Amino acid sequence: MTISTTNHGPAMTVYDFPVGPYPTRVRIAIAEKKLQETVRYEFVDLYKGEHKQPAFIEQKNYSGTLPVLELADGTLIAESTAITQYLDTLDGSPSLTGTTPLEQGIIHMMSKRAEIELLDAISVYFHHATPGLGPLVELYQNPEWGFRQRDKALRGMHYFDEVLQRQPFIAGDKFTMADITVIGGLVFAAIVNLEIPPECQALLAWYERMKKRESVASQPAFAASAS
Ligand SMILES: N[C@@H](CCC(=O)N[C@@H](CS(=O)(=O)O)C(=O)NCC(=O)O)C(=O)O
């Protein structure tokens, strides 16, 4: 990985791990907003711990996570929700984060709930109760905490199944950032072989619909699972 100090070509750089759940969230948002031409991806090898090297922590993201968006002027935006929100405001359509105060509130709530109850929970399970990114990166593990978070994620899947029994998308009647966050959670579920419970028929049907979207199907995380 080279930490670029100036940007050449596309205006923005995304520090990326192509099949990663959180990077996939931003990749889907970029595709939905048709911003692919304005972005270049810089690979950061998580399994080598490149994201935990002092250079990356100091120069790119204090939290040592991916993705990170770097603008042409060197401004850095980390956190998938913040990156999505920034990209969404670059131009109005399609809106991923809402065009009215009510939409914005509901979408943010449901996206954050998807992080808390599903995506972040599976991430904790991955890092604490599986080999995760390996001993180079996983310097502290608490398997009991990991297994508790796995069980929380399964409850989260049932919750989102109930939501989708009464509405077509996670935050209501259209595709938004909240759907993308749940997709990220289910990408992580596949990575850790955590099966969506068969009784979650609405969630399973919704996911099949999501996987048909070009912005989703075109992502490496799905090409990989398709193989
Ligand atoms: N809150 C952050 C979390 C980002 C995150 O955990 N990203 C993963 C990348 S991936 O697992 O989705 O590919 C990471 O950097 N993990 C590295 C680590 O936790 O050591 C966000 O929303 O962007």
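In this text, all values refer to a predicted model and were calculated from it rather than measured experimentally. Numbering of residues begins at 1 and proceeds along the displayed sequence.
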D179 side chain to F169 backbone, donor-acceptor under 3.5 Å: no
Check: V68 and F56 side chains under 4.5 Å, non-hydrogen atoms: yes
Between D16 and Y22: side-chain donor-acceptor atoms closer than 3.5 Å: no
Distance under 6.0 Å and angle within 45° of ring axis: R148 vs Y125: no
T84/Y86 under side chain to side chain contact (heavy atoms under 4.5 Å, CB included): CA gap, chis, key distance, verdict: CA-CA 5 Å; T84 302; Y86 171 81; over 6 Å; no
Cationic tip of R113 above F160 ring, under 6.0 Å, 45° of axis: no
Donor-acceptor side-chain pairing of T81 and E115 below 3.5 angstrom: yes
Backbone N/O of T65 and side chain of S63: donor-acceptor pair under 3.5 Å: no
Cation-pi, Y207 ring and K211 (6.0 angstrom, 45 degrees): yes
Residues H128 and Q141: side-chain donor-acceptor under 3.5 angstrom: no
Donor-acceptor under 3.5 Å (S123 side chain, L119 main chain): no
Side-chain donor/acceptor of K33 to backbone N/O of P94, under 3.5 Å: yes
pair I180-V216: side-chain heavy atoms closer than 4.5 Å: no
Pair E32-S215, side-chain donor/acceptor within less than 3.5 Å: yes
S218 (side chain) donor-acceptor with E214 (main chain) under 3.5 angstrom: yes
Under 3.5 Å: donor-acceptor pair, side chain of Q201, backbone of L204: no
Main-chain N/O of V44 paired to E50 side chain as donor or acceptor, under 3.5 Å: no
Test log, rule side chain to side chain contact (heavy atoms under 4.5 Å, CB included), inputs V137 and L46: CA-CA 8 Å; V137 181; L46 295 177; over 6 Å; no
Main-chain N/O of W145 paired with Q149 side-chain donor or acceptor, under 3.5 Å: no
Minimum side-chain heavy-atom gap F126-V124 below 4.5 Å: no
NZ/K174: more than 12 non-hydrogen atoms of other groups inside 6.0 Å: no
Side-chain heavy atoms of Y41 within contact of R27, under 4.5 Å: yes
A78 versus A82, closest heavy-atom pair with distance: O-CB, 3.5 Å
Note: R40-E42 ion pair, threshold 4.0 Å (strictly below): yes
Acceptor/donor pairs from residues 181-194 side chains to any protein atom, 3.5 angstrom cut, sequence neighbours excluded:
from : atom 1 : to   : atom 2 : distance (Å)
T181 : OG1    : R25  : NH2    : 3.3
T181 : OG1    : S111 : OG     : 2.7
T181 : OG1    : M177 : O      : 3.0

Atom pair CD/CD of Q53 and Q59 - distance to nearest 0.5 Å: 11.5 Å
W206 versus D161, side-chain donor and acceptor atoms under 3.5 Å: no
R213 side-chain N/O to I28 backbone N/O, donor-acceptor pair under 3.5 Å: no
Check: Y159/E117 side-chain N/O donor and acceptor closer than 3.5 Å: no
L35 vs L90 side-chain heavy atoms within contact, under 4.5 Å: yes
Side chain D88, main chain L96, donor-acceptor under 3.5 Å: yes
Check: E37 and P10 side chains under 4.5 Å, non-hydrogen atoms: no
Check: P131 and E138 side chains under 4.5 Å, non-hydrogen atoms: no
